[in-house]
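Counting starts at 1 for both ligands and their atoms, following the listed order.
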Amino acid sequence: MADTTVMDKLVSLCKRRGFVFQSSEIYGGLGSVWDYGPLGVELKRNVKDRWWRAMVHERDDIEGLDAAILMHPKVWEASGHVSGFTDPLVDCRQCKNRFRADDPRLKGTPGAPDAQCPVCGSRGTLTEPRLFNLMFKTFMGPVEEQAAVIYLRPETAQGIYVNYLNVLQGSRQRVPFGIAQIGKAFRNEITPGNFIFRTREFEQMEMQFFVKPGTDAEWFERWREWRMAWHHSLGLAPEKLRWHEHGPTELAHYARAAYDIEYEFPFGWNEIEGVHNRGDFDLGRHQEHSGKKIEYFDQPANERYLPFIVETSAGADRVTLTVLVDAYREEQVEGETRVVLGFHPALAPIKAAVLPLVKKDGMPEVATRVYDDLRKRFPCFYDDSGAIGRRYRRMDEAGTPFCITIDGDTLTAHTVTVRHRDSMQQDRVAIDQLQRHLEAALTA
Ligand code: GAP
């Protein structure tokens, strides 16, 4: 099976089952912007909840933050995004297509007479590369003038930097400590694509860890280890995860050292998270541009300094795509293809489906009672339509780890069957033990 086929099948499954839809589809869609449907929103939310738990709730040295998307325009001058967050672009004067200057399809040197457009084939029509800023601009207030320009944030990190002293004061933290945030970011990407991998509107899960200068290399290594362990904890295949170290030409303008966590997608190895040693670049720039002293005062040592920052930055949408790709499998069962999303139970959008075998003989009544009981504890689904085999397959495609069937024996023995998505094995469980049984299995 060709790798692109897997992506095509996954995209189609995501639409059919309500994970992800193209934005504004009835108008022909909006380029590389996606909406999450009922199952997708649960899946992505589980990814984010798991990150928040690992980064904020389970640690006492990290605080949470939710900064606004719109920030003072000077923030982006200080951060280097106004001048440095650019891609060189080439236009074809003939067909009006636009390309990144490093697009391997371009033949010859853009701007030269022999350079050839990869779309219309014209020669000498490609412009010289021009820098294009990836930030989305908008205007604050009623007048659309240069002075009113503000940007949609291209990363959530800056909201953390400009708030670090506020958080310190309110939380009684001391360096080393971190601030974590989940939020939307926007980039006018030139070559978006691969479904929700590279989009123009996306969510980041970022954590900035403030450390004493000189201890940054050590913290950087610790954070590398912890972040890779987190991805393993999602149940992702370990052999599909690897590190990529940024060479000197790849390093972002703020980074002293950077490693990406990469996953082997059907379209190749690609970054899902970056771990960066940002030194004092950001705080130094904000101190300079705002004219405000934002040094940390280490009281016991009677020392003032700008902390160095170790950043961990993951895309919520990219991790969600990784979870989907990693979970997707097809199996042959009794001559039929079974499509399964084998999610880690903690990530599964629906934890259990309740299925009365038939719509009579008192089964729906018992099934409704079981369903009402269980859904107080976790997301459940009730399905009484169609043959039981088809209902199981529908739940396999949704990635539901357990199907609970109410059958004839339920009415006499007060037991149900619990079918396991992966093994398809069925256990007989007493109704009064069901909740405990499922909770144990979901947290195992
Ligand atoms: N604050 C540092 C920063 O933003 P980055 O490497 O540009 O670093 C971090 O982005 C993560 O954000 C990436 O690893 C990726 O998961 C996610 N990301 C970046 N651009 C994205 C896009 N256009 N679409 C989806 N996710 C994106």
Nearest protein heavy atom to atom 9 (C) of ligand 1, by residue and atom, and its distance?
S313 OG, 2.9 Å
For D317, is the nearest heavy atom under 4.0 Å from an atom of ligand 1?
no
Taking the six-membered ring for Trp, are F195 and F197 ring centroids under 6.0 Å apart?
no
Using a 4.0 Å cut-off to any heavy atom of E206, which atoms of ligand 1 qualify?
1 (N), 2 (C), 3 (C), 4 (O)
Considering non-hydrogen atoms of the protein only, which is the closest contact for atom 6 (O) of ligand 1, and what is the distance?
E271 OE2, 3.1 Å
Quick check on contacts: which atoms of ligand 1 are under 4.0 angstrom from a heavy atom of E189?
20 (N), 22 (C), 23 (N)
Indicate whether any N or O donor in one side chain lies under 3.5 Å from an N or O acceptor in the other, for E206 and Q181.
no
Looking at D422 and R329, is there a salt bridge between them, counting it only when a charged N and a carboxylate O are closer than 4.0 Å?
yes
Checking salt bridge (Lys or Arg N to Asp or Glu O under 4.0 Å) against K44, which of D35, D49, D317 comes through?
D317
Is D103 reaching over with its side chain to a backbone N or O of R105, donor-acceptor style, under 3.5 angstrom?
yes
Strictly under 4.0 Å, does any heavy atom of H276 approach an atom of ligand 1?
yes
Under 4.0 Å from a heavy atom of E273: which atoms of ligand 1 are those, numbered in the order shown and with their elements?
14 (O)
When distances are taken from atom 17 (C) of ligand 1, the protein heavy atom at minimum range is G315 CA, 3.7 Å
Who's the nearest protein heavy-atom neighbour of atom 25 (C) of ligand 1, and how far?
F197 O, 3.1 Å
Please check if the side chain of R375 supplies one atom and the backbone of Y382 the other of a donor-acceptor pair under 3.5 Å.
no
What is the nearest protein non-hydrogen atom to atom 18 (N) of ligand 1, stated with its residue, atom name and distance?
F202 CE1, 3.6 Å
Can a donor-acceptor pair be found between the side chains of T337 and Q332 at a distance below 3.5 Å?
yes
Could an N or O of ligand 1 be found under 3.5 Å from any N or O of I196, whether backbone or side chain?
no
Any idea which protein heavy atom is nearest atom 10 (O) of ligand 1, and the distance to it?
Q204 NE2, 3.5 Å
Ligand 1 versus R200: contacting region, heavy-atom distance under 4.0 Å
neither
For ligand 1, is R278 a contact, meaning one of its heavy atoms is under 4.0 Å away?
yes
E155, portion touching ligand 1 at heavy-atom distance under 4.0 Å
side chain
Does one side chain, of Q158 or H81, offer a donor that lies under 3.5 Å from an acceptor on the other?
no
Using only heavy-atom distances, determine whether the side chains of E273 and H231 contain a donor-acceptor pair under 3.5 Å.
yes
Counting from 1, what ligand 1 atoms have a heavy atom of Y254 closer than 4.0 Å?
2 (C), 3 (C), 8 (O)
Suppose we measure from atom 15 (C) of ligand 1 to each protein heavy atom; which comes out shortest, and what is that distance?
R318 NH1, 3.5 Å
ring-ring contact (aromatic ring centres under 6.0 Å, His included) partner of W223, the single match among W230, Y259, F209:
F209
re atom 7 (O) of ligand 1, the protein heavy-atom contact at minimum distance is R187 NH1, 2.8 Å
Can E218 and R222 be counted as an ion pair, charged N to O under 4.0 angstrom?
yes
For E311, take its heavy atoms, then give the atoms of ligand 1 lying under 4.0 Å from any of them.
1 (N), 2 (C)
Side chain, backbone, both or neither: the part of I272 lying under 4.0 Å from ligand 1 by heavy atom:
backbone
Would you mind listing every ring-ring contact (aromatic ring centres under 6.0 Å, His included) that reaches into residues 291-326, with sequence neighbours excluded?
Y296-Y305
